[in-house]
Each structure stands twice: as structure tokens, then as C-alpha cells.
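See below for the structure under consideration.
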Amino acid sequence: MIKSHDEYYMGLALKLALKAKGKTSPNPLVGAIVVKADKIVGRGFHAKAGFAHAEIVALDQAGKKAFGATLYVTLEPCAHTGRTPPCINRIVESGIKEVVVGMIYPNPLNNGKGIIFLKQNNIKVRVGVLEKQLKKINESFIKYITTRIPFVTVKVAESLDGRIATRTGDSKWITSDKSRAFAHRIRKDYDAIMVGVNTVLRDNPSLNAWFSQKKLIKIIVDSNLSISENSNIFAGESQVIIITLACRPGQETENRKSLAAKAKILEVKEKAGQINLRDALKKLARLQISNIMVEGGGTLIGSLFDERLVDKILFFISPKIIGGKDAVSSVMGNGVKRIDQAIKLRELKIRRFDEEFLIEAMVG
């Protein structure tokens, strides 16, 4: 199938946007191309929050050649002032005659206002080129900016019978080096990694990304603040956030004080005597954490599914049978009462690592 000019140039802009994958949060991935007389005269992408937007980078590169040209941009140019000024004024000043937009900016502060402004200034605007693909690469940003809750991905390494540890708690290693290496590469695309307290107590993980210099935020759900201040999660320079219940008068402990010296203690509401996970995610979003990879354990993952807070799953499945009614399941919690209430998956993808499989899917 022959692509239209619009699809071709927007495809190039999309590829530019992906150059900054995992680096722009809490901002979206954006790429831009300036085209004049069927020649590209400017390219740009948004490299990091606080840096110049893609349109500005592309226009700077185009210089005077931008006059009378067409600007292809994956996301509607912003009309509001954030860490940088709005892009729409610069587009008008450059003399661009036409703007082709991939998708509308989902931020309520913008959401079509940029397009209206450009049209009011006699610039032709076309919208919706490669929209589906562009929404996919910015799925976490769209969730974050429209709901003020981070995009949540659950990552599991389990046996064929759905176990993440034996009845004695042994869990190293269920999956292969190849699967674990791939999982570490994925980590760099996220702002933070979240685990439950039992995972820290049992495995004492460091929660770093092997193949990245990125300092991932480490989030521990620990209602009783029972982890040790000597846990491996405190090694290195990454920020650690411990989610816990609000401290009642007289409940201040020495452990709380020592942990507060090493981590941010984020107190959240209670729900049935446990951490209110929805409240926790809302408070994490206020810290500009837009996406989170949850890596265990079964209780935390099950509770997130119970509360319908999971957006995506990555299940690495090893051809091993652990068995035993007391072995640790990958998804615990309360679960559903009837099969017709089961959580459904869509956009299923299966990838093979030697004898192991990765199942990737969206939830709901």
C-alpha cells in the first residue's frame, strides 16, 4: 500500500519522537518535520521535560526556509505556558503556511485550542494523520494527563502454573537470563518501579535497570514500615518512596524516623485496613510520576487488579511447574466471584525467548 505524503512525513516525525522514549515524562513523546517543496528542511523532537518542544527544534533548524512551508507534528502544538512558552506563537511568526497534526493534545489546558489559534491566524490545519499509532506511543501520557493517575504496567515472571515463588519463598530464578535482561531493558521506559513489602523482605532487590544510567524511582508499598534501612533498595542515588498508612498519634517509631532519613514517606488513606491504592496512585501523580512498572508481589498485584488500576501486563512465562497450594501466586487479592467478571485483555502480543514466552497485553 502506497502511503500518502502526510503519512510518510508523519511517520518520520513519529520515529523522531521515539528517540526520546523513556526520557520526557511527565511530558509526551513528540516529533516534528518541516517540509518545503517536498524537501525536509527541519527536524526536531522533544528530548526531555523542560527542553525545547519538537516544533521549536524543527523550526530553529529550518530557519528562514520555514516561511511558506508545512509543519508535520505528532501532537497538537501547545497553547499554554508550562516549563516552556506555547509553541503556537512561534509557528505563526515563522511563516509556516500549513500544519499537519497527528493527534489532538489531550491535556485539558490545550485540547484543540492550539488548532483554533493557528486557524485564526490563517494557517491551514489538518488533523488525525497516523492518530492510532501516535496515541499508542503516548498511552501512558494520555492516561496520566486525563485522569491524574499514573499508567500502571504489571510485570510478572512466573511458572507455567502461575507461581512466582515456591512454598518456601524461593523465587530465584524462575525465568532465564535472556528474559530478565529484556525485562531490565523495559524498565528504562518507566518513571518508577513499584513492589510490595513482602518482595523486599523476601528477595531484597536493588530495583535498578542494568542497561541504563537512568535513576528509576523506587516505590515500596509497606503499610507497617517493616523494611530495614539496610535494604538494597537504598543503595545508589535513586529516590525511594515508601507508601504507608498515616501515622496516628503515639505511633511514631524509631524505624519510621530512620526510614524517613533515607526515603520519602508518602502517607495515604486507608481502605479496609489496608493501603488505599487509588489514593496512593493519585498522590504519586502529584509528584509527576506518570507511569509505573509494578514487579510484585502477588498480593500487591492482585489488589491492583481488584481495584481495576492496571492498564497493561507483561507476563514472562517459564515452562516449569512449581505446584503446591502454599506456593506464591502471581495474582492474589480477592479476585472475581464469577467467570463473566474476569478481567479481559486486548491487543495481545506473544514473544518467545528460547523456551519462555512473554505475553504483552492491554487490560480492559
Side-chain angles (χ1 to χ4, degrees), residues 150 152 154-158 163-175 180 183-184 187-188 190-210 212-277 279-281 283-284 287 289 292-304 326-333:
V152 175
V154 163
K155 175 255 171 182
V156 167
E158 65 176 14
R163 309 295 188 173
I164 58 174
T166 69
R167 57 184 170 81
T168 63
D170 184 37
S171 62
K172 294 182 179 179
W173 296 101
I174 291 176
T175 53
R180 292 199 303 277
H184 272 263
R187 279 184 178 181
K188 64 182 174 54
Y190 288 82
D191 295 341
I193 299 176
M194 177 188 284
V195 297
V197 60
N198 289 333
T199 297
V200 176
L201 295 176
R202 184 185 67 226
D203 299 336
N204 196 20
S206 60
L207 300 181
N208 296 318
W210 294 346
S212 174
Q213 297 299 314
K214 183 177 179 178
K215 300 294 186 292
L216 294 166
I217 299 170
K218 305 172 185 179
I219 304 171
I220 315 302
V221 179
D222 183 3
S223 58
N224 296 315
L225 290 181
S226 56
I227 64 172
S228 167
E229 62 178 294
N230 297 316
S231 298
N232 287 339
I233 58 165
F234 297 115
E237 301 174 358
S238 296
Q239 181 186 10
V240 178
I241 299 174
I242 303 176
I243 297 174
T244 192
L245 295 174
C247 181
R248 296 183 179 90
Q251 287 187 327
E252 188 75 20
T253 64
E254 285 302 316
N255 193 45
R256 178 182 281 262
K257 291 177 183 177
S258 62
L259 289 174
K262 291 192 168 188
K264 178 179 179 62
I265 307 296
L266 189 64
E267 296 184 342
V268 301
K269 295 178 182 178
E270 183 178 312
K271 185 174 182 180
Q274 302 297 320
I275 296 286
N276 186 319
L277 291 171
D279 183 53
L281 290 176
K283 287 179 177 175
L284 289 171
L287 299 175
I289 296 173
I292 298 170
M293 178 177 281
V294 180
E295 296 203 5
T299 300
L300 173 60
I301 289 172
S303 298
L304 286 165
D326 295 325
V328 184
S329 297
S330 59
V331 182
M332 298 172 75

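Along the sequence shown, residues are numbered consecutively beginning with 1.
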Q: State which residue, out of Leu284, Ile289, Val154, Thr199, fulfils the side chain to side chain contact (heavy atoms under 4.5 Å, CB included) condition with Met194.
A: Leu284
Q. Between the main-chain N or O of Glu267 and the side-chain N or O of Lys283, is there a donor-acceptor pair closer than 3.5 Å?
A. yes
Q. Can you find a side-chain donor-acceptor pair between Arg163 and Ser330 that sits under 3.5 Å?
A. no
Q) What closest approach, in Å, do Ser231 and Asn204 show between heavy atoms, and which atom pair accounts for it? A) CA-OD1, 3.6 Å
Q: Over all heavy atoms of both residues, which pair between Val268 and Ala280 is shortest? Give the atoms and the distance, please.
A: CG1-CA, 3.7 Å
Q: Decide yes or no for Asp222 and Val200: does some side-chain heavy atom of the first lie under 4.5 Å from some side-chain heavy atom of the second?
A: no
Q | Where Val331 and Gly302 come nearest, the two heavy atoms and their spacing | A | CG1-CA, 3.9 Å
Q) CD1 of Ile227 to CZ of Phe234: how many Å apart, nearest 0.5 Å? A) 4.0 Å
Q. Can you tell if the side chain of Leu207 reaches within under 4.5 Å of the side chain of Ile220, non-hydrogen atoms only?
A. yes
**Q.** Under 3.5 Å donor-acceptor, Lys262 side chain and Asn230 backbone
**A.** no
Q: State the CG-NZ distance between Asn232 and Lys218, to the nearest 0.5 angstrom.
A: 8.5 Å
(Q) Please check this pair: side chain of Lys269 against backbone of Asp279, looking for a donor-acceptor N/O pair closer than 3.5 Å. (A) no
Q | Check: Ser238 side chain, Leu216 main-chain N or O, donor-acceptor pair, under 3.5 Å | A | yes
Q: Apply side chain to side chain contact (heavy atoms under 4.5 Å, CB included) to Val195 and Ile233, showing your working.
A: CA-CA 11 Å; Val195 297; Ile233 58 165; 5.8 Å; no
Q.
Taking the side chain as everything from C-beta on, heavy atoms only, tell me whether Ser171 gets closer than 4.5 Å to Arg202.
A. yes
**Q.** Heavy-atom closest pair, residues Lys172 and Asp203
**A.** NZ-O, 3.4 Å
Q. Roughly how far, to the nearest 0.5 Å, is the OG atom of Ser223 from the CD1 atom of Ile243?
A. 11.0 Å
Q. In Å, rounded to the nearest 0.5 Å, how long is the span from OG1 of Thr175 to CZ of Arg180?
A. 5.5 Å
(Q) To the nearest 0.5 Å, what is the distance between CD on Glu158 and CD1 on Ile164? (A) 8.5 Å
Would you tabulate the side-chain donor-acceptor contacts of residues 292-301 under 3.5 Å, counting partners in other chains and residues two or more places apart, or write 'none'?
residue: Glu295; atom: OE1; partner: Arg187; partner atom: NH2; Å: 2.7
residue: Glu295; atom: OE2; partner: Arg187; partner atom: NE; Å: 2.9

Q.
Go through it in stages, so that I can follow the logic: the residues are Leu287 and Ile241, the test is side chain to side chain contact (heavy atoms under 4.5 Å, CB included), and I'd like the CA-CA distance, side-chain angles, deciding distance and then a yes or no.
A. CA-CA 11 Å; Leu287 299 175; Ile241 299 174; 3.9 Å; yes
Q. From Leu245 CG over to Lys271 NZ, what is the distance, rounded to the nearest 0.5 angstrom?
A. 13.5 Å
(Q) Which heavy atom of Leu225 sits nearest to which heavy atom of Thr244, and what is that distance? (A) CG-OG1, 3.7 Å
